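Each remark here refers to the structure printed beneath this line.
Within every chain, numbering begins at 1; the chains are lettered A, B, ... in the order of the sequence lines, protein sequences first and strands thereafter. Keep in mind it's a predicted model, so treat the numbers as computed, not measured.
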Amino acid sequence: MLDSLKQKLDTCQLADVFRLENTLNKIQRGNLSQKDLASSLAAAAAAIEKSQRACELRRAAIPIKITYPKNLPVSARAEEITKLLREHQVLIVAGDTGSGKTTQLPKVCLEAGFGVRGLIGHTQPRRLAALSVANRIADELGVEIGLGVGSQIRFKDNTSGQSFLKLMTDGILLTEIQQDKLLNKYEVLIIDEAHERSLNIDFLLGYLKQLLQKRENLKLIVTSATIDVEKFSKHFDNAPIVAVSGRTYPVETRYAPLAESSTEQIDDDLQIDGIIKAVEDIAKSDKKKGSSSGDILVFLSSEREIRATATKLRKQKYRDVDILPLYGRLRYSEQIKIFKPGLGRKIVLATNVAETSITVPGINYVIDTGLARISRYSLQSKVQRLPIEAISQASANQRKGRCGRMADGVCIRLYAESDFESRPEFTDPEIMRTNLASVILRMKYLRLGEIEQFPFLDAPEPRAINEGIKLLIELDALSHSRQLTQSGRKMAVLPVDPRYARMLITASTQNCLRELQIVVSALGIQDPREISSDNRQQAKQQLAEFDHEDSDFLSLVKLWEDYEKKRQDLNQGQLRKHCKKYFLSYMRMREWREVHHQLLLSCQKLGLRMNREIGDYEGIHKSLISGSLNQIAKRLDGRSFRGNRNKTFSLFSTSVLANKGAKWIVSGEQIETSQTFATTAAKIQPEWIEEMALHLVKREYFEPHWSKKRQQVMAYEKVQLYGLVIIEKALLSYSKIDPKTSRTLFIQEGLIAGEVSTDLKIYHRNREFLAALAKQEEKMRRPDLLVAERDVAAFYEQRLPETVCSTRDLTAWVRKQGTSAEKSLLMTVDNLVDSDTAMNALHSFPDATAVHKNNLRLEYVFEPGSKVDGATLEVPVEMVSQLQQADLDWAVPGNLAEKCTALIKGLPKSRRKNFIPVNAFVAQACEQMSNKDGDLIASLLVQIRNLKGLELDRAEFEQSTAACTPEHQDSRIERLREGDCVCGQYSRGQGAAPAARFPGKRRK
DNA sequence: GAGGCTACG
């Protein structure tokens, strides 16, 4: 039973085989009871039967007899292709327009027996093509569209269980991978128009190369114009190539260069003259032939050029000629004029739309300027650019091929043949010209491994891959370690650009998802407002009704809301009229609604939170900023803005903010054409940018300082995003940012400077203690001798935990620790002053001295240069007459040595040399000196006699002090009389802070 | 003072 079921797997749906095989294997392995075995087998048999029935349903839908139109070149090759398809997994079919490959290949697959066990999937780059190809094939097969032949594009799934063939856009197939990585429901895949090398196609071809190894029963047909076909073959391990000729008429190529040399600048006028001449040549030769048939298609590079050319051509007043512009943004009603018969000859002036997207019928002549705007992504400025470039040979030939579809054609190239020959063979594939963020996000989501290893047809540069990754990190789809984030997973499944997906995700947390769905769906489609140079005034006036004064995005929301109301109130005819009145494209408004609806469903599925109340300005614009971190800017002057990465750009005149004074803006899109322009924009606050760019901003802190007002350490912050200063100088608490510095500053500028406002007892007690010590130092004229700031700082640093860096921290810590903290913070001489000499010195500077049994107060001031500087003895007036020099000389023992040194150094050189080294002598002398010998000089003379055996005269000291000149300050002793004061001054060195001075003595 | 073209559970 099990074996017979296993055999039946070959007739099941491919999509079911893997699952059914697993079930059967489980039954075989599992030691099931007799009863369970029977029921399991029955269930498996039923499932297999169901799958077989699905095959039968398909088989029944496929016409038994398949015929090919005889006149199509591919028809003759049907048999050969069938054979190759059976023998090979991959087949490359090369064929130009009119070969019939697009319509006939699916039929060949059917005839070869495919389409029963799985779908034949057939992709097209454009929606319209997918639908029309589906119709034509259904027609030719005589089956109903939507049943046997199905189709699926973004908003329309027109397939059924019977479908054996499915036409779809390549984007649809791409998203199907996310549901079924093996694409199990397909038996054959046809990737059409591979030569267009869109991002989608390149990704699919890379993905399929890997998939083919895992799915041996999958067949792949890649079709392309006859451009670089070997490349596709090589990519798929030398897959066979079937080249099918196109069914076209010969096209004559004429070269009519505008300039003598290719380096010469070609301006608009020169080009228009060339076009006029070409048109007139065509008219002349037609006249000669006597036939005047055939329309002319002129390829130009931009809308502006087309307008200028059209104006000039119309001025020529040709008879029976219609001048018809054709470009993507052109109003639909204008576009369809090319399909309607007109007065006579049509001259269609077109951009690249006419190269692939729109087929202009009845063209016999092509005039090619050889130029096009080509989208490129600047890795440097991260801005999309649209430079006008010389097109590739392949593109020129594609343009040429636009004539000669119905009869012989002529292609006039407005450049030299040598110019053509020198051009690149192929246009760079899109993957080389665009930001890779969306591709990378998709690959991450599908876990396809390293991007560098992925088998792309043309591998993007590592630099470009890095840029894509950077953008995804900016959008927080990837972490800094390049892992898919939670929001990245959501972004991958939202059917919009990663940037827009980010906006939606942010919006769900900012309570404005409803608004962002409206905005994002609008940004994703072409602007539904049909504004052109001929209706600008009027259109702007009408649409001004919906203008929001600060935000183009909110103007869109207003427009949407009004339209939704009208849509419910009006019938279709009235609605169309409404659109016309407001210069809205009915079709694009519909597309807006369709995209919006799709987003609504996607967001719902992801569980993104929808807001019921109206989203506020701040939230909406923060959401926009989150997806536009490279598009924010600060106004420089007038129209120009400075964006990040040091780029400048202008605001396009269509923005409500144009010519207004918004200082900061976010823009939806920036494109570099003749200069860089931002189109949609809104006024924002720089703080919003910071909030949305927390993972990217660079912060610098400066001027950390103690703030008495805030009782903590503050600093200023400068915030930059990609080089743009968002916040110049913001005051903030510094303790979290740099606790170490903050603690140091708290100690120095707060605790030590005494700027801490607290009622902590220990703080005040220490302040008093330090004041007492400072007083003591003043006596000694040695600030910092007992306790320097650094000692106090070290004291606190040792005792305060690192987290304490503000008054509040200190209070909290002391309260928490209680007495132990107070004990450890208590300053004493023992734990603060550690110099023995300093301790001794304390006794040498008494607060009072006994003079004639009176205790007189001594006061010390350390204020060099000031009259009160020095020690001052307070003498009652009645005692002044009794006062002697000796009383003053011995009053402050601490000054003794210095006074002696000064005296010795003041001696003439011949004397002075006896005392070298002076310090040693003075130290020895001072030990013996006392008031017993009289005054200071007398006592010193005694010691000079005792120690050196020299007899000096008192006058020698007194002379020397008088002889002292200012030039010899380091040995100068001056005695100055100032009123009733006697003071001695002594200074060491010039300019430097005096280290010690002779105390001044003042009599009151 | 001025916008090439596509595409998406």
Is there a side-chain contact between A:Leu204 and A:Ile177 in this structure, where contact means two heavy atoms from C-beta onward sitting under 4.5 Å apart?
yes

When you check the gap from the basic side-chain N to the acidic O, do A:Arg154 and A:Glu594 get nearer than 4.0 Å?
no

Is the phosphate of B:dC8, meaning OP1 or OP2, less than 4.0 Å from a side-chain N or O of A:Ser438?
no

Nearest 0.5 Å please: distance from the CG atom of A:Leu173 over to the CG atom of A:Leu208.
6.5 Å

Atom CD1 of A:Ile191 and atom P of B:dA7: how far apart are they, to the nearest Å?
16 Å

Those residues of residues 296-306 of chain A lying under 4.0 Å from DNA chain B by at least one heavy atom:
A:Ser302, A:Glu303

Establish, yes or no, whether the cationic atom of A:Arg423 lies under 6.0 Å from the six-membered ring centre of A:Tyr415 and within 45° of the ring axis.
yes

Ignoring backbone atoms, establish whether A:Gln598 has a side-chain N or O less than 4.0 Å from OP1 or OP2 of B:dC8.
no

Nearest to the side chain of A:Phe677, which nucleotide is it out of B:dA7, B:dG9, B:dA2?
B:dA2

DNA chain B contacts made by residues 378-386 of chain A, counting heavy atoms under 4.0 Å
A:Gln384, A:Leu386

What's the closest nucleotide to the side chain of A:Ile153 if the choices are B:dG4, B:dC8, B:dG3?
B:dC8

For A:Phe677, what residues pass the ring-ring contact (aromatic ring centres under 6.0 Å, His included) criterion, not counting sequence neighbours?
A:Phe652

Looking at A:Arg499 and A:Asp497, is there a salt bridge between them, counting it only when a charged N and a carboxylate O are closer than 4.0 Å?
no

Nearest-angstrom distance from the residue atom OH of A:Tyr445 to P of B:dG9:
14 Å

note: A:Glu669, atom CD; B:dG3, atom P; distance rounded to Å ~ 13 Å

Ion pair present between A:Arg413 and A:Asp419, side-chain N to carboxylate O less than 4.0 angstrom?
no

Assign each of A:Arg639 and A:Lys605 the nucleotide of DNA chain B bearing its closest heavy atom; nearer the 5' end lies the nucleotide of A:Arg639

Side-chain N,O (A:Thr351) to OP1/OP2 (B:dC5) below 4.0 Å
yes

salt_bridge(A:Lys337, A:Glu334) N-O dist < 4.0 Å:
yes

With the side chain defined as heavy atoms from C-beta on, A:Ser375 is closest, among B:dC8, B:dG3, B:dG4, to B:dG4

With heavy-atom distances below 4.5 Å as the criterion, would you say the side chains of A:Arg489 and A:Tyr445 are in contact?
yes

Output the single nucleotide from B:dC5, B:dG3, B:dG9 whose closest atom is nearest the side chain of A:Ser602.
B:dG9

Starting at CG of A:Asp527 and ending at P of B:dT6, how long is that distance when rounded to a whole Å?
15 Å

Look at all strands and tell whether A:Arg126 reaches a base, only sugar-phosphate, or nothing, counting heavy atoms closer than 4.0 Å.
sugar-phosphate

So, are A:Glu672 and A:Lys647 salt-bridged, with charged N and O less than 4.0 Å apart?
no

I'd like to check the ring-ring contact (aromatic ring centres under 6.0 Å, His included) partners of A:His596; sequence neighbours left out, ordered by chain and number.
A:Trp560

Describe the nucleic acid contact of A:Arg307 in one word from base, sugar-phosphate, nothing, applying a heavy-atom distance below 4.0 Å.
nothing

Side-chain N or O of A:Thr175 closer than 4.0 Å to phosphate OP1/OP2 of B:dC8
no

Under the ring-ring contact (aromatic ring centres under 6.0 Å, His included) test, which residues partner A:Phe203, sequence neighbours left out?
A:Phe454

Nearest whole angstrom, please: distance from the C1' of B:dC5 to the CD of A:Glu196.
10 Å

Between atom CG in A:Leu599 and atom P in B:dA7, what is the gap in whole Å?
17 Å

Counting just side-chain N and O atoms, does A:Arg373 come under 4.0 Å of either OP1 or OP2 of B:dG3?
yes

Could you state the CG-P distance from A:Asp497 to B:dT6, rounded to the nearest angstrom?
17 Å

Starting at atom CG of A:Leu523, determine the distance to atom P of B:dC8, rounded to an integer number of angstrom.
17 Å

Between A:Asn535 and A:Arg331, is there a side-chain heavy-atom distance shorter than 4.5 Å?
yes

Go through residues 353-360 of chain A and report each residue with a non-hydrogen atom lying under 4.0 Å from DNA chain B, sorted by number.
A:Val353, A:Ser357

